[in-house]
Amino acid sequence: MESKLDAQFFYGGQAVMEGILMRGKKAFAMAVRTPKGDIKVIDRPLPTLTRRFPFLRLPLLRGSVELVLSMKLAYSALSQSAEIAMDGLEEEGEPGRIERFLVNKFGDRLNKIILGVFMVLSLVLALGLLMLLPTFFASLVGAPGALTGVLEGVIRMLIFISYLAIVSRTKDIQRVFMYHGAEHKAINCHEQNLPLTSENVAASNRLHKRCGTSFMLVVMVVAMVMFMVIRIEYIWLRFASRIILLPVIAGIAYEISVKWAGKRDNRLVRAIITPGMLMQRLTTKEPDEGQIEIAITALNTVLAQEQATP
């Protein structure tokens, strides 16, 4: 299916386990490769929370709301894609005593519970590594005045880039990054008003300026500037401020990277997005034909859903 680029809305997505989720304005669609080689498609309307409560779309506030809704959708998508991608796969060996107990206790909910615990631990680890650990290291140096915020920001970026460089070397993560590249290619193809064919998608750029990787970099820059201005003497209050002000930082970063830079193309915008685009060379890889097929299926499905949903 062919579609013209909607000037008022840009599509987005994310890689999931052996698949891709594409998100529109009113609906989302997820395409996942099954162990038999087929493609399983799930499409549903998006929650109407922001339509029911228009004040949630106010600048700055909408960024935090969007982040929470995206995390909720990501959890659901990862859970469903894991079930589809692993359906019918036989496990080697007999399950252990703990595994049998958990299966008997939680039944079909076990996979969702494990994924939920994993995501909570990942969130705690991310907050610790990216928000609290840089604050701790910067406090040890004891840089004067605004330099504390600069040092903290530099440490935060170094930790983030180092983490991406390390995980990008693992085989499983590289496959996820290939799906990430396929998602970007399909969206770039659509935004160039080209038919969503395998050839057109494969020839499109795997980097995209509205990527979550670029957003994270903008978050870190906004945090650096904010904490250059907001100076707190006591370390525990400083830790608390990094967590409490995170929604504000995310809201500002959303306005810059998505609402402003995401819809413009000029020298200033290109200067702002270039570091994030360079970092995407770590988080995206060139996809294969099967992954491109998944991206096209997911995007075509959500485009059809958008047209069918009043």
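Everything numeric here is computed off the predicted structure, so don't read it as measured data.
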Which ILVMFWY residues are connected to Leu207, directly or by a chain of links, through side-chain heavy atoms under 4.5 Å apart? Trp260, Leu268, Val269, Ile272, Ile273, Met277

Which pair of non-hydrogen atoms, one from Pro54 and one from Arg52, has the smallest distance, and what is that distance? CD-O, 3.4 Å

His180 versus Gln280, side-chain donor and acceptor atoms under 3.5 Å: no

Grab the two heavy atoms, one from Ala295 and one from Met22, that are nearest each other, plus how far apart they are. O-CE, 4.0 Å

Would you kindly confirm whether Phe137 and Leu129 end up in one hydrophobic cluster when ILVMFWY residues are joined by side chain heavy atoms under 4.5 Å apart? yes

For the residue pair Tyr11 and His190, categorise the inter-ring angle as parallel (less than 30°), tilted (30 to 60°) or perpendicular (more than 60°). perpendicular

If you compare all heavy atoms of Leu196 against all heavy atoms of Ala186, which two are closest, and at what distance to 0.1 Å? CD2-O, 3.6 Å

To the nearest 0.5 Å, how far apart are CD1 in Ile296 and CD1 in Ile20? 9.5 Å

Please tabulate, one pair per line, all N/O donor-acceptor pairs under 3.5 Å involving side-chain atoms of residues 216-234, not counting sequence neighbours.
| from | atom 1 | to | atom 2 | distance (Å) |
| --- | --- | --- | --- | --- |
| Arg231 | NE | Met228 | O | 3.1 |

Using the rule that Ile, Leu, Val, Met, Phe, Trp and Tyr join whenever any side-chain heavy atoms are under 4.5 Å apart, tell me whether Phe215 and Leu60 fall into a single cluster. yes

Does Tyr163, at its OH atom, have more than 12 non-hydrogen atoms belonging to other residues, nucleotides or ligands within less than 6.0 Å? no

Lys185 bridged to Glu289 by N-O distance under 4.0 Å: no

When you group the ILVMFWY residues by side-chain heavy-atom contacts below 4.5 Å and let the links chain together, are Trp236 and Leu127 in the same group? yes

Just so I know, are the side chains of Arg206 and Glu286 near enough to count as touching, which here means a heavy-atom distance under 4.5 Å? yes

Tell me whether Ile235 is reachable from Ile243 by hopping between hydrophobic residues (I, L, V, M, F, W, Y) whose side-chain heavy atoms are closer than 4.5 Å. yes

Among side-chain atoms of Arg238 and Thr135, is any donor-acceptor pair under 3.5 angstrom? no

Taken to the nearest 0.5 Å, the spacing of Leu21 CG from Gln80 CD works out to 9.0 Å

The test is salt bridge (charged side-chain N to carboxylate O under 4.0 Å, His left out); show your working for Arg210 and Glu191 and say whether it passes. CA-CA 12 Å; Arg210 294 193 312 275; Glu191 292 181 353; 2.5 Å; yes

Do Ile161 and Leu130 sit in the same hydrophobic cluster, where Ile, Leu, Val, Met, Phe, Trp and Tyr count as joined when their side-chain heavy atoms come under 4.5 Å apart? yes

Give a yes-or-no answer on whether the side chains of Tyr179 and Gln14 include a donor-acceptor pair shorter than 3.5 Å. no

ring-ring contact (aromatic ring centres under 6.0 Å, His included) with Phe136: which residues, sequence neighbours excluded? none

Rounded to the nearest 0.5 Å, what separates atom CG in Leu151 from atom CZ in Arg156? 10.5 Å

Between Ile187 and Gly13, which heavy-atom pair has the shortest distance, and what is it? CD1-N, 4.1 Å

If the threshold is 4.0 Å, N to carboxylate O, is there a salt bridge linking Glu306 and Lys25? no

With rounding to the nearest 0.5 angstrom, report the CG to CD distance, Leu46 to Gln305. 10.0 Å

Would you check if Lys26 and Pro45 make a side-chain contact, meaning some heavy-atom pair closer than 4.5 Å? no

